[in-house]
Amino acid sequence: MASTPPPRSPHPGNAWLQSADGETWPLIGNFHLGRSPENDVVIDHPKASRQHTAIHAQDDTEFWLLDLGSRNGTYLNEQRLLHPKLLRDGDQISVGGRAFTFHQPAAVPVAPGDAGHWEHTTTADGVTAIDLRQQKVWLLMADIEKFTQLSQDWKVDELALGVGTWLRQSRQVIAEHRGRISRYLGDGFLACWDDRTGTASQIVSTIKSFQQLRKDSPIKFRTAVHYGIIAFGEQSEMGEESMLGPEMNYIFRLEDLASKLGITCCVSASANTQLTGLITTRRIDGEHELKGFANTHQIFEVVEDQPL
């Protein structure tokens with residue numbers, strides 16, 4: 001018996017969402033579903049929240065589904081979504097009483113731990129070159145503390161609502177301070193700011209806002225902040241740029257070290273230099289190793305209870 005050919009995309013690009021009645025939407029950049037008319041898909045149903053669900057495009061081939069703290073939840077393959085998850089071709093999504101299918105038949109698997117991939121062009125003489133631009137950026141990683149334990153201690157609905165609300169509030173903080181979330185990581189995310197005049201002050205305001213959010217939210221989390229040079233690949237069909245280079249790995253290692261040391265807000269030495277005079281930090285005793293990086297490193301902790 002001949003195999004059924006994969007569905008062809010009705011839109012430019014390699015992924016789309018299809019409703020049960022056959023309507024389709026291309027997935028480019030950030031895509032939102034909910035009751036508010038500002039959403040890409042408006043769901044006029046009493047079970048739909050104004051801001052219910054988002055699909056986030058990242059790393060050229062990945063699409064992540066996240067709930068935004070909706071009361072009635074987002075369901076992926078008949079299971080309530082507890083934290084952002086990577087979508088696969090054929091996944092079934094239920095939002096506010098409506099059913100959708102995620103299509104991405106030409107998806108290229110991304111190896112775990114990859115920080116992105118290189119964009120290539122071929123010159124007239126057949127030599128492959130890498131199209132990149134380098135830029136100084138601020139990176140902030142946020143990660144929920146003891147998520148595995150939370151998933152065992154909390155009821156499913158309670159955990160889904162708590163994590164979704166935290167994600168929605170975190171997105172608001174990042175957007176208010178002119179940053180962007182570039183990557184979701186299951187129980188956390190990575191945000192980015194291009195380094196411009198005044199960006200350091202925006203980072204300080206973000207840190208203080210997250211300090212307050214940590215006090216107010218039942219979801220406890222830690223943050224790590226780093227300043228360095230990132231290489232950006234060309235913008236993809238999804239509207240996102242690849243982020244590349246060792247500084248991407250550095251922020252992951254920094255957050256991991258913060259977790260082991262029990263630091264709520266960890267700051268790298270390069271970030272601390274830029275923040276001098278803008279926020280109070282203290283150096284963590286000792287010189288610290290970061291896997292994959294030579295030598296030892298100084299790290300700093302943001303002093304708590306600083307006024308907004």
Side-chain angles (χ1 to χ4, degrees), residues 1-110 155-169 171-172 175 180-181 183-184 186 189 235-240:
M1 181 180 296
S3 60
T4 303
R8 297 183 62 183
S9 172
H11 305 283
N14 66 347
W16 68 98
L17 198 67
Q18 182 172 346
S19 66
D21 59 9
E23 189 173 2
T24 61
W25 298 266
L27 294 175
I28 300 173
N30 289 302
F31 188 89
H32 295 85
L33 303 90
R35 199 174 68 251
S36 170
E38 288 79 19
N39 288 285
D40 298 284
V41 176
V42 178
I43 301 176
D44 186 13
H45 193 284
K47 288 187 176 182
S49 299
R50 289 184 59 82
Q51 300 178 43
H52 198 115
T53 302
I55 298 176
H56 176 82
Q58 67 187 46
D59 291 342
D60 283 350
T61 59
E62 295 186 2
F63 292 85
W64 286 70
L65 180 69
L66 53 147
D67 183 81
L68 300 177
S70 64
R71 180 63 59 180
N72 291 295
T74 299
Y75 287 80
L76 175 62
N77 299 325
E78 301 183 349
Q79 298 292 320
R80 184 158 184 174
L81 191 69
L82 300 181
H83 57 81
K85 283 195 173 181
L86 178 65
L87 289 169
R88 304 293 185 187
D89 182 44
D91 277 346
Q92 302 299 304
I93 301 168
S94 178
V95 179
R98 288 194 64 182
F100 303 88
T101 301
F102 171 76
H103 291 287
Q104 191 187 17
V108 178
V110 177
K155 296 179 179 179
V156 169
D157 290 353
E158 181 184 20
L159 181 61
L161 181 59
V163 173
T165 300
W166 173 71
L167 281 172
R168 186 186 72 247
Q169 293 170 335
R171 283 158 55 98
Q172 291 170 347
R180 62 188 183 276
I181 294 181
R183 182 173 298 183
Y184 287 94
F189 60 83
Q235 193 173 63
S236 71
E237 292 180 341
M238 289 159 42
E240 298 293 310

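Keep in mind that what you see is a predicted model, and the values were worked out from it rather than measured.
Of the residues listed (L82, T53, L66, L68), the one engaging T74 in a side-chain contact (heavy atoms from CB on, under 4.5 Å) is T53, and it is the only one.
In the model, H32 has no side-chain atom that pairs as donor or acceptor with a side-chain atom of N39 under 3.5 Å. Between the side chains of Q51 and S36, not a single donor N or O lies within less than 3.5 Å of an accepting N or O. The closest side-chain donor-acceptor pair between S19 and D21 falls under 3.5 angstrom.
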Would F31 and W25 count as a side-chain contact (heavy atoms from CB on, under 4.5 Å) if you check the C-alpha gap in whole Å, the side-chain angles of each, and the deciding distance to 0.1 Å? CA-CA 9 Å; F31 188 89; W25 298 266; 3.6 Å; yes
- Begin from the C-alpha positions of L17 and T24 and carry the test side-chain contact (heavy atoms from CB on, under 4.5 Å) through to its verdict. CA-CA 6 Å; L17 198 67; T24 61; over 6 Å; no
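Between W166 and F189, the ring planes are tilted. Angles from 30° to 60° get that label.
If you take NE2 on H52 and CG on L33, they are separated by 8.5 Å, rounding to the nearest 0.5 Å. Rounded to the nearest 0.5 angstrom, D89 CG and Q104 CD are separated by 7.0 Å. Note that OH of Y184 is 14.5 Å distant from NE2 of H83, once rounded to the nearest 0.5 Å. For the atom pair CD1 of I28 and CZ of F63, the computed distance is 8.5 Å after rounding to the nearest 0.5 Å. With values rounded to the nearest 0.5 angstrom, L65 atom CG is found 5.0 Å from L87 atom CG.
Proximity of R98 to V41: side-chain heavy atoms (C-beta onward) are separated by under 4.5 Å at one or more points.
Remark: R80 pairs with D157 by the side chain to side chain donor-acceptor pair (under 3.5 Å) rule, at least two apart or across chains. Shown here are the ring pair (Phe, Tyr, Trp, His ring centres under 6.0 Å) partners of W64, two or more places apart in sequence or in another chain: there are none.
The salt bridge (charged side-chain N to carboxylate O under 4.0 Å, His left out) pairs that include a residue from residues 33-48 number zero, where partners must be two or more places apart or lie in different chains.
A donor-acceptor pair under 3.5 Å is formed between the side chain of D67 and the backbone N or O of G69. No donor-acceptor pair closer than 3.5 Å links the side chain of E78 to the backbone N or O of L76.
Residues P84 and G186 share a closest heavy-atom pair of CD-O, 2.9 Å. Listed here is the closest heavy atom pair of D91 and L86: OD2-O, 4.3 Å. Residues F102 and A15 approach most closely at CE1-CB, 4.2 Å, considering heavy atoms.
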